[in-house]
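Shown next, in structure tokens, is the structure this report addresses.
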Amino acid sequence: MKTIEDYIEQHAADCPDKVAIVCGQERCTYRSLQERVRTRVAEYKKGGYQTGQIVCLRALPTVDFLIDYFALHQTGCVVAPLEKDMPEATFQKICAQLCPHAVPEGSADILYTTGSTGKPKGVIVSHQAIVADAENLIDGQGFSSELAFVVNGPLNHIGSLSKIYPVVMLGATLIIVDGLKDMNAFFGAFDYPSSRMATFLVPASIRILLQFAAERLASLADKIEFIETGAAAISQSDMEALCRLMPSTRLYNTYASTETGIISTYNYNAGKCETGCLGRPMKHSEIIITERGLIACKGKTLMTGYVGDPELTATVLRDGIVYTSDLGLIDAEGMLHLRGREDDVINVGGFKVAPTEVEDAALSFPDVKDCVCIAVDHLITGKALKLLVVMKEGEELDKRGLACHLKSRLETYKIPLLYSQTDRIERTFNGKINRKYYANG
């Protein structure tokens, strides 16, 4: 099986002067990339790095990080890319924990995820899974060798890291930006001389762009071929707003996780613009809905397991199937629909409420910037719903108006009993609501 690194060598021979990576003012061709990787491999081997050795790296948004990443793979090592701003003590602790462990032959990466438990878990990803992820994306979203793909998220997270794979496999161009901290730098990336560009944005980033840079985003509608989102649920109102701004751009909502790899995707700008619609499984993937209504996945993109924890692995990965905590269904057209997470469902007097459905309805109310639906104790029903709302600057929450708005969109038992205005909603680094923060109401 060819690895991603084998494709770098192929492109260095076939299109040596093609730009492989752009980062700020630095441009690296495929010839230069291959030469620098080869030099780094020699340094690692001279330094005594061994096949199967686990090596931790800070996932910096730089060309040099990618050279290290590719070179360590070619050396036979397993890369654990860690959050770039992680405290040094935490970084060293994880390195020390990983060192004693052996991983199966064919392992490429260990990606850390907190998942639903909040406890960090090292997910083992194989070279086979990396290639299968790349082929799923190429087939499902139409990556091409002419594409210039802007990556602006953390390179230790599958959402951004996985975009490197199809770009390198096809000999396309990768443009690295350090998040949206500098919005001018993000938009400046699209000045690259290519008529075919694309990017990945978590829903939180899409909301920021819609609120603060909608006109600038709309001006790129003819240049951006597609935008993928994932990692968290995107609201109906944001989907519709993005469709209006970019009528000719393919807008993909993707189902993926560190454990499952890239599973399915759907262009909601060319069909159902519907929250939670995630399309059909890609070429290397299969989706099963369990008796409890949970999503389970099969195929070449799955993780190998959790490093050093066979017991935890067995709770998730059994007989070549990864069982998730995501609630879903497959419609008559064979498309997956996400219905929230089993762990997040709130029981209100015997009625099950997915907080994401309430939040999505609330986000369509004028001047609501962000929100979270949480459970609070109630003497009669056991639990009741409370909605915490962040309003746009200068606006005050109209509790009655919001409640009436929700009543027009939701069943009665899904209408929150309590409403409160807050300054911010706690979210994880990849834009998901940090529901554990609100676990005690």
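No experiment lies behind these values; they were computed from the predicted model shown.
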Check for a donor-acceptor pair, side chain of [X] on one end and backbone N or O of [Y] on the other, with a separation under 3.5 Å.
X	Y	result
Q34	A12	no
Q236	C273	yes
D6	T3	yes
E225	K223	no
E83	M86	yes
T258	T113	no
T39	E35	yes
S285	P281	no
R292	E342	no
T301	T260	yes

Cationic tip of [X] above [Y] ring, under 6.0 Å, 45° of axis:
X	Y	answer
K272	Y266	no
K18	Y30	no
R58	F91	yes

Nearest-0.5 Å distance that lies between atom [atom1] in [X] and atom [atom2] in [Y]:
X	Y	atom1	atom2	answer
Q53	Y44	CD	OH	10.0 Å
L251	I206	CG	CD1	8.0 Å
Q74	E9	CD	CD	7.0 Å
S264	M282	OG	CE	6.5 Å
L72	I54	CG	CD1	12.0 Å
E43	R38	CD	CZ	13.5 Å

Salt bridge between [X] and [Y], side-chain N to carboxylate O under 4.0 Å?
X	Y	answer
K300	D133	no
R424	D370	no
D319	K298	no
D309	K121	no

Verdict with supporting geometry, T199 and V151, side chain to side chain contact (heavy atoms under 4.5 Å, CB included)
CA-CA 6 Å; T199 191; V151 169; over 6 Å; no
Between the side chains of [X] and [Y], is a donor N or O closer than 3.5 angstrom to an acceptor N or O?
X	Y	value
E228	T254	yes
H284	D139	no
Y306	E259	yes
T249	N269	no
Q10	K2	yes
T29	S32	no
R435	Y437	no

What are the two closest non-hydrogen atoms of [X] and [Y], and how far apart are they?
X	Y	result
M197	A189	CE-O, 3.5 Å
G52	V78	O-CG2, 4.2 Å
I164	F70	CG2-CZ, 3.9 Å
K163	P166	O-CD, 3.4 Å
C371	I433	O-CD1, 3.7 Å

Are [X] and [Y] close enough that some pair of their side-chain heavy atoms sits under 4.5 Å apart?
X	Y	value
I234	V202	no
V345	L327	yes
I67	L33	yes
K45	T75	yes
C56	L98	yes
M391	V368	yes
P81	L111	yes
Y192	T173	yes

So D326 and R339, salt bridge (charged side-chain N to carboxylate O under 4.0 Å, His left out) or not? Walk me through it.
CA-CA 7 Å; D326 295 323; R339 292 290 183 257; over 6 Å; no
Can you tell me if [X] has over 12 outside heavy atoms packed within less than 6.0 Å of its [atom1]?
X	atom1	answer
K283	NZ	yes
D14	CG	yes
E88	CD	yes
D182	CG	yes

Looking at K369, R207, R244, which hits salt bridge (Lys or Arg N to Asp or Glu O under 4.0 Å) with D238?
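With D238 as partner, K369, R207, R244 yield a single salt bridge (Lys or Arg N to Asp or Glu O under 4.0 Å), made by R207.
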Verify side chain to side chain contact (heavy atoms under 4.5 Å, CB included) between I295 and L338, making sure each step is shown before the conclusion.
CA-CA 9 Å; I295 299 170; L338 189 63; 3.7 Å; yes
L388 and Y438: side chain to side chain contact (heavy atoms under 4.5 Å, CB included), yes or no, with the steps?
CA-CA 10 Å; L388 303 179; Y438 299 100; 3.6 Å; yes
Where do L174 and V168 land on the side chain to side chain contact (heavy atoms under 4.5 Å, CB included) test, with the steps shown first?
CA-CA 8 Å; L174 183 72; V168 169; over 6 Å; no
Parallel, tilted or perpendicular: rings of F190 and F187 (30°, 60°):
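Tilted: the ring planes of F187 and F190 meet at 30° to 60°.
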Flag the pair F143 / F226 as yes when their ring centroid distance falls below 6.0 Å, and as no otherwise.
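Close enough - the centres of the two rings lie under 6.0 Å apart.
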